[in-house]
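What follows is a short report on a single structure.
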Amino acid sequence: IEDKDIMIVEDEKALQVILGNLFERMGNRVYITDNGSEAFEEFKRKNYHIVITDYDVAGMNGIELAARVKEISEDTGVVLLSGWTMGEFKRYSNFIDIFIAKPFNIEDLIKNIAGLINKVS
């Protein structure tokens with residue numbers, strides 16, 4: 001995963017730092033916010049290749065954000081992070097490409113996103 005524009009929407013500061021540093025070190029451009037509404041306004045200004053969003057963020061939740069992102073760009077990969085179980089999110093699979101339950105393994109996150117990028121490219 002390199003040379004991509006990646007948006008991270010997460011309210012846990014430690015996870016913001018971990019994910020931001022990880023993707024920047026891989027050679028990507030990273031935008032981080034803890035607010036879904038701010039994220040959507042930023043997305044309208046600049047389409048991102050990947051949006052990684054927590055479900056429970058301020059402004060608009062991760063599912064609302066995912067739906068609006070896909071309305072603008074079907075090719076953007078959307079990753080939903082949540083402490084909830086996947087069964088509750090199956091009905092949203094038309095605009096959530098990857099669901100990852102918290103806590104998660106960073107290697108699994110990278111592998112899933114790399115697979116998603118390969119499908120879209």
Side-chain angles (χ1 to χ4, degrees):
I1 304 168
E2 63 182 334
D3 196 30
K4 301 291 181 199
D5 295 305
I6 300 175
M7 176 181 286
I8 298 169
V9 188
E10 173 60 59
D11 58 350
E12 291 180 43
K13 297 295 180 200
L15 199 48
Q16 285 180 355
V17 171
I18 291 167
L19 294 176
N21 288 341
L22 171 73
F23 289 112
E24 283 176 352
R25 280 194 316 251
M26 295 171 93
N28 300 286
R29 295 162 299 281
V30 179
Y31 172 85
I32 300 172
T33 184
D34 62 358
N35 184 292
S37 297
E38 287 176 17
F40 184 61
E41 291 305 312
E42 170 65 16
F43 189 85
K44 289 191 294 188
R45 284 190 287 278
K46 174 185 178 179
N47 279 2
Y48 284 75
H49 297 103
I50 301 163
V51 174
I52 302 169
T53 182
D54 187 13
Y55 170 73
D56 191 20
V57 290
M60 95 175 46
N61 71 38
I63 289 177
E64 292 174 78
L65 176 60
R68 291 186 179 189
V69 161
K70 289 292 191 173
E71 286 174 4
I72 294 173
S73 172
E74 290 182 15
D75 292 338
T76 297
V78 178
V79 180
L80 181 72
L81 306 175
S82 179
W84 298 74
T85 62
M86 180 57 193
E88 294 150 9
F89 294 107
K90 285 198 191 293
R91 63 178 165 240
Y92 305 113
S93 62
N94 53 333
F95 49 86
I96 295 171
D97 297 299
I98 299 170
F99 171 83
I100 297 184
K102 289 181 174 181
F104 58 88
N105 178 304
I106 293 289
E107 290 175 13
D108 290 341
L109 176 69
I110 293 168
K111 187 169 53 175
N112 278 296
I113 291 173
L116 179 63
I117 291 170
N118 289 336
K119 269 194 249 176
V120 175
S121 300

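Only heavy atoms go into these numbers, but all of them, side chains included; no hydrogens, no water, no symmetry mates.
I50 and L116 fall within the same hydrophobic cluster, where Ile, Leu, Val, Met, Phe, Trp and Tyr residues are linked whenever their side-chain heavy atoms come under 4.5 Å apart, directly or through other members. Residues Y55 and V78 do not share a hydrophobic cluster, defined by chaining ILVMFWY side chains whose heavy atoms lie under 4.5 Å apart.
Between F99 and I96, the closest heavy-atom pair is N-CG2, 4.4 Å. Contact detail for F43 and Y48: the closest heavy-atom pair is CE1-N, 3.3 Å. Among all heavy-atom pairs drawn from T33 and A39, the shortest one is CG2-CB, 3.7 Å.
Pairs of residues two or more places apart, or lying in two chains, that qualify as salt bridge (charged side-chain N to carboxylate O under 4.0 Å, His left out) and include a residue from residues 45-63 are D5-K46, E42-R45, D54-K102.
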Result block: side-chain N/O donor-acceptor pairs under 3.5 angstrom for residues 64-72, not counting sequence neighbours:
from: E64; atom 1: OE2; to: N61; atom 2: N; distance (Å): 3.3
from: E64; atom 1: OE2; to: N61; atom 2: ND2; distance (Å): 3.4
from: K70; atom 1: NZ; to: E74; atom 2: O; distance (Å): 3.1
from: K70; atom 1: NZ; to: T76; atom 2: O; distance (Å): 2.7
from: K70; atom 1: NZ; to: D97; atom 2: OD1; distance (Å): 3.4
from: K70; atom 1: NZ; to: D97; atom 2: OD2; distance (Å): 2.7

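You'll find the side chain of I32 stays beyond 4.5 Å of the side chain of M7, heavy atoms only. Between V9 and I52 the shortest side-chain heavy-atom distance does not fall below 4.5 Å. Looking only at side-chain heavy atoms (C-beta outward), D75 and N47 stay at 4.5 Å or farther from each other. Side-chain contact check for F104 versus L15: some heavy-atom pair is nearer than 4.5 Å. At a threshold of 4.5 Å between non-hydrogen side-chain atoms, the residues V79 and N112 do not count as touching.
I110 is linked by a side-chain contact (heavy atoms from CB on, under 4.5 Å) to I1, L22, M26, I106, counting only residues two or more places apart in sequence or in another chain.
Distance CG/L109 to CZ/F23: 4.5 Å, rounded to 0.5 Å. Rounding to the nearest 0.5 Å gives a distance of 9.5 Å between CD of E2 and CD1 of I117. Distance CD/Q16 to CG/D34: 6.0 Å, rounded to 0.5 Å. For the atom pair M60 CE and T53 OG1, the distance stands at 10.0 Å (nearest 0.5 Å). With values rounded to the nearest 0.5 angstrom, I6 atom CD1 is found 9.5 Å from L19 atom CG. R29 contributes atom CZ, which lies 4.5 Å from atom CG of D3 (distance to the nearest 0.5 angstrom).
A donor-acceptor pair under 3.5 Å is absent between the side-chain atoms of N28 and the main chain of V30, judged by distance alone. Not a single donor-acceptor pair under 3.5 Å links the side chain of D11 to the backbone N or O of V57.
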